[in-house]
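One structure below.
Every chain is numbered from 1, with letters handed out A, B, ... down the list of sequences.
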Amino acid sequence: MITLYNTLAREKQEFKPITPGVVNMYVCGMTVYDYCHIGHARMVVVFDVIARWFRESNYKVNYVRNITDIDDKIIKRATENGELISALTERFIAAMNEDFDALGVIRPDHEPRATEHVGGMQSIISKLFDRGLAYSAPNGDVYYAVRQFQGYGKLSRKNLADQRAGERVEVDANKQDAADFVLWKSAKADEPAEVKWPSPWGLGRPGWHIECSAMSCHHLGEHFDIHGGGEDLQFPHHENEIAQSEGAHGQQYVNYWLHNGFINVDNEKMSKSLGNFFIIREVLAKYDAEVLRFFILRAHYRSPLNYSDVHLDDAKNALNRLYTTLKSVPPVDVEIDWAEPYAARFKAAMDDDFSTTEAVAVLFELALYANKHAGMSEGSQASGLLKALAKILGLLQRDPSAYLQAGTTDSEWTNEKIESAIVARKEARAAKNWAESDRIRNELSAAGIVLEDTPQGTSWRRE
RNA sequence: GGCGGAGUAGCAAAAUGGUUAUGCCGCGGCCUGCAAAGCCGUUUACGCCGGUUCGAUUCCGACCUCCGCCUCCA
């Protein structure tokens with residue numbers, strides 16, 4: 001039985017699918033006008049693992065993660081660059097795929113793009129007009145009449161009367177109410193033709209929130225199981241999605257709302273305005289992508305997670321221990337027996353709101369057991385189980401030596417050069433010439449290469 | 001002002017009404033030519049004050065501090 005924390009109910013609940021054996025899940029993805037940062041990495045890794053765990057639990061998963069390829073920031077960036085919007089978005093979609101692939105994220109079953117669903121958005125807006133939930137403003141924009149929707153604020157627990165309208169942002173005079181939000185934006189003269197779609201309300205483009213209502217409905221129906229995203233999307237984005245979808249369709253939109261916590265820097269939210277954000281590809285230039293993935297999964301998905309080089313170094317050292325175990329205690333292929341104590345604890349952890357933190361702790365306990373029983377069949381069994389369980393988290397599937405010897409920085413010490421140094425050292429050791437053998441080892445050590453003498457010979461790794 | 005989250009050992013991070021989290025780092029030991037890796041051991045952990053309880057880090061109440069959302073944001 002899987003339990004998950006439902007933001008809508010503010011408590012952990014047992015997961016009950018609408019259709020037995022099926023999970024329909026929608027996650028708000030990227031707005032593609034720039035490179036992805038590690039906050040995005042956390043979001044995709046977290047929901048990747050959630051999808052993996054449902055599959056492991058024998059559910060058929062329909063995982064949809066959208067791509068927002070039309071919005072204000074995209075238009076602004078394309079205009080600044082003097083390039084077509086489609087050229088800009090294609091470029092960053094390609095970059096996004098590179099980054100997410102590197103992180104071992106399995107592609108969602110569907111990755112709809114907003115621009116492909118404008119028709120669906122218009123049809124929802126029409127329904128909202130029919131139900132008296134939408135209105136055209138003097139400036140040609142179409143707005144959602146928030147106060148006409150009963151239950152507005154039920155996700156974010158916001159009470160319209162308590163909000164301080166206009167305190168931070170001036171209220172648009174076109175709105176009937178400060179809380180109303182735009183469904184359709186009328187075309188502006190200086191906007192490129194690429195962003196102008198015909199509609200019953202004139203030439204224009206969709207508001208932000210409507211795309212997710214349309215794309216989720218297209219792939220998963222009017223009522224589906226799980227909707228996820230970063231915690232900041234709770235309000236207003238997800239609140240508005242509920243208003244749109246439930247307002248148009250007259251039935252419950254989503255059963256379980258899941259929100260991942262942020263990556264912080266110095267205990268503050270990572271954001272562009274603070275200038276404290278890190279792009280995935282910058283981080284991957286310094287650290288192996290698996291280290292970043294491990295770092296993310298070591299924390300619970302709802303907790304804030306502080307990012308720094310010190311913390312990634314810590315994660316790197318920890319991951320090294322697991323790979324070192326797999327290297328020194330070769331795993332056998334294992335079919336997971338969920339009744340086996342370690343596996344049972346792993347499963348209990350994952351079933352309990354996807355507690356990867358506890359699941360990772362089980363991996364380390366297996367590593368300890370494997371190391372203690374190195375050379376025995378219990379050891380290789382434990383090592384095999386370690387690898388099999390880690391696979392569910394998308395970790396530890398590479399050849400251990402290849403992982404440990406991979407360097408993020410190229411040194412002049414090629415593998416061949418290292419190997420020949422090891423041969424030279426072996427000869428020195430055979431002659432009990434310890435001074436020479438230690439000189440060679442120190443030379444390698446200075447280059448970040450660590451030698452390990454074992455009964456089977458000398459192996460090496462990069463630090 | 002409203003709503004929500006959090007304060008755990010040097011660092012990171014979980015669970016839990018009484019029993020070892022886990023990892024990194026440090027220290028000691030075993031092993032090793034010496035190391036590394038591994039194994040063993042190790043540093044009075046639970047913001048503060050009350051309450052409930054045989055017993056609270058864990059439940060209840062007050063307080064302090066921090067963070068997030070209320071505007072685009074994963």
Rounded to the nearest angstrom, tell me the gap between atom [atom1] in [X] and atom [atom2] in [N].
X	N	atom1	atom2	answer
A/D232	B/rA74	CG	C1'	6 Å
A/E231	B/rC70	CD	C1'	14 Å
A/F92	B/rA74	CZ	P	14 Å
A/N264	B/rC69	CG	P	10 Å
A/L305	B/rG68	CG	C1'	15 Å
A/L319	B/rU22	CG	C1'	15 Å
A/F278	B/rA74	CZ	P	17 Å
A/F295	B/rA13	CZ	P	8 Å

Across the strands shown, which category fits [X] at heavy-atom distances under 4.0 angstrom: base, sugar-phosphate, nothing?
X	value
A/L368	sugar-phosphate
A/R302	nothing
A/D313	nothing
A/N267	sugar-phosphate
A/A318	sugar-phosphate
A/G261	base
A/M270	base
A/R441	base
A/T324	sugar-phosphate
A/G230	sugar-phosphate

Return the nearest nucleotide to the side chain of [X]; candidates are [options].
X	options	answer
A/L233	B/rC72, B/rA74, B/rC11	B/rA74
A/Y5	B/rG68, B/rG5, B/rA21	B/rG5
A/D453	B/rC34, B/rC67, B/rC25	B/rC34
A/N260	B/rA74, B/rG68, B/rC72	B/rA74
A/N371	B/rC39, B/rC34, B/rG23	B/rC39
A/K158	B/rC39, B/rC69, B/rA37	B/rC69

Determine whether the side chains of [X] and [Y] contain a donor N or O and an acceptor N or O closer than 3.5 Å.
X	Y	result
A/S303	A/H300	no
A/T79	A/N81	no
A/H259	A/H238	yes

Check your understanding: Picking from A/F100, A/F278, A/F92, what satisfies ring-ring contact (aromatic ring centres under 6.0 Å, His included) with A/Y35?
Key ->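 In the set A/F100, A/F278, A/F92, the residue that makes a ring-ring contact (aromatic ring centres under 6.0 Å, His included) with A/Y35 is A/F92.
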
Does the pair [X]/[Y] count as a salt bridge with the N-to-O cut at 4.0 Å?
X	Y	result
A/E191	A/K185	no
A/D34	A/R77	yes
A/R147	A/D180	no
A/D72	A/R205	yes

Point to revise | Donor-acceptor pair present, A/R429 side chain and B/rG33 base, under 3.5 Å | key: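 Yes, the side chain and the base share a sub-3.5 Å donor-acceptor pair.
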
Review point. Has the side chain of A/H259 got a donor or acceptor atom sitting under 3.5 Å from an opposite partner on the base of B/rA74?
Key: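 In this structure, the two groups form no donor-acceptor pair.
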
Revision key, fill the gap. Per the under-4.0 Å heavy-atom filter, residues of residues 432-440 of chain A near RNA chain B come out as A/W434, A/S437, A/D438

**Study point:** Within-4.5 Å side-chain heavy-atom neighbours: A/V146 and A/E239
**Key:**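 Side-chain contact under 4.5 Å: no.
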
So which protein nitrogen or oxygen atoms get under 3.5 Å of nucleotides 27-29 of chain B's nitrogens or oxygens?
none

Practice item. Start with the C-alpha distance between A/F15 and A/F54, add both sets of side-chain angles, then the distance that settles ring pair (Phe, Tyr, Trp, His ring centres under 6.0 Å), and finish with yes or no. Key: CA-CA 10 Å; A/F15 176 71; A/F54 274 118; 4.9 Å; yes

Practice item. Let me have RNA chain B in dot-bracket notation, would you? Count Watson-Crick plus G-U wobble pairs, both distances under 3.5 Å, and use [ ] for pairs crossing earlier ones and | for inter-strand partners. Key: (((((((..(((.....[...))).(((((.......)))))....(.(((..]....))).))))))))....

Distance to the ring centre below 6.0 angstrom and angle to the axis at most 45 degrees; does that hold for [X] and [Y]?
X	Y	answer
A/R302	A/Y5	yes
A/K158	A/F235	yes
A/K269	A/F262	yes

Give me, pair by pair, the N or O atoms of the protein and of nucleotides 14-20 of chain B that are less than 3.5 Å apart, along with how far apart they are.
| unit_1 | atom_1 | unit_2 | atom_2 | d |
| --- | --- | --- | --- | --- |
| B/rA14 | OP1 | A/H300 | N | 3.0 |
| B/rA14 | OP1 | A/S303 | OG | 2.7 |
| B/rA14 | O2' | A/E358 | OE1 | 3.4 |

Does [X] place a side-chain N or O at less than 4.0 Å from the phosphate oxygens OP1/OP2 of [N]?
X	N	value
A/R425	B/rA35	no
A/K269	B/rC69	yes
A/K372	B/rC40	yes

Practice item. Sorted by first residue and then second, give each side-chain hydrogen bond (donor to acceptor under 3.5 Å, both in side chains) pair with at least one member in residues 366-390 of chain A; sequence neighbours left out. Key: A/T325-A/N371

Check your understanding: What distance, rounded to whole Å, do you find between the two C1' atoms, one in B/rA21 and one in B/rA12?
Key ->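 The answer is 13 Å between these two C1' atoms.
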
Point to revise | salt bridge (Lys or Arg N to Asp or Glu O under 4.0 Å) contacts touching residues 356-367 of chain A (sequence neighbours left out) | key: A/R345-A/E358, A/R345-A/E365

Point to revise | Sole candidate of A/D353, A/T356, A/N260 that passes side chain to side chain donor-acceptor pair (under 3.5 Å) when paired with A/Y301 | key: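 With A/Y301 as partner, side chain to side chain donor-acceptor pair (under 3.5 Å) holds for just one option, A/D353.
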
Practice item. Check A/M215, A/E211, A/R65 against A/P112 for a side chain to side chain contact (heavy atoms under 4.5 Å, CB included) and give me the one that passes. Key: A/M215

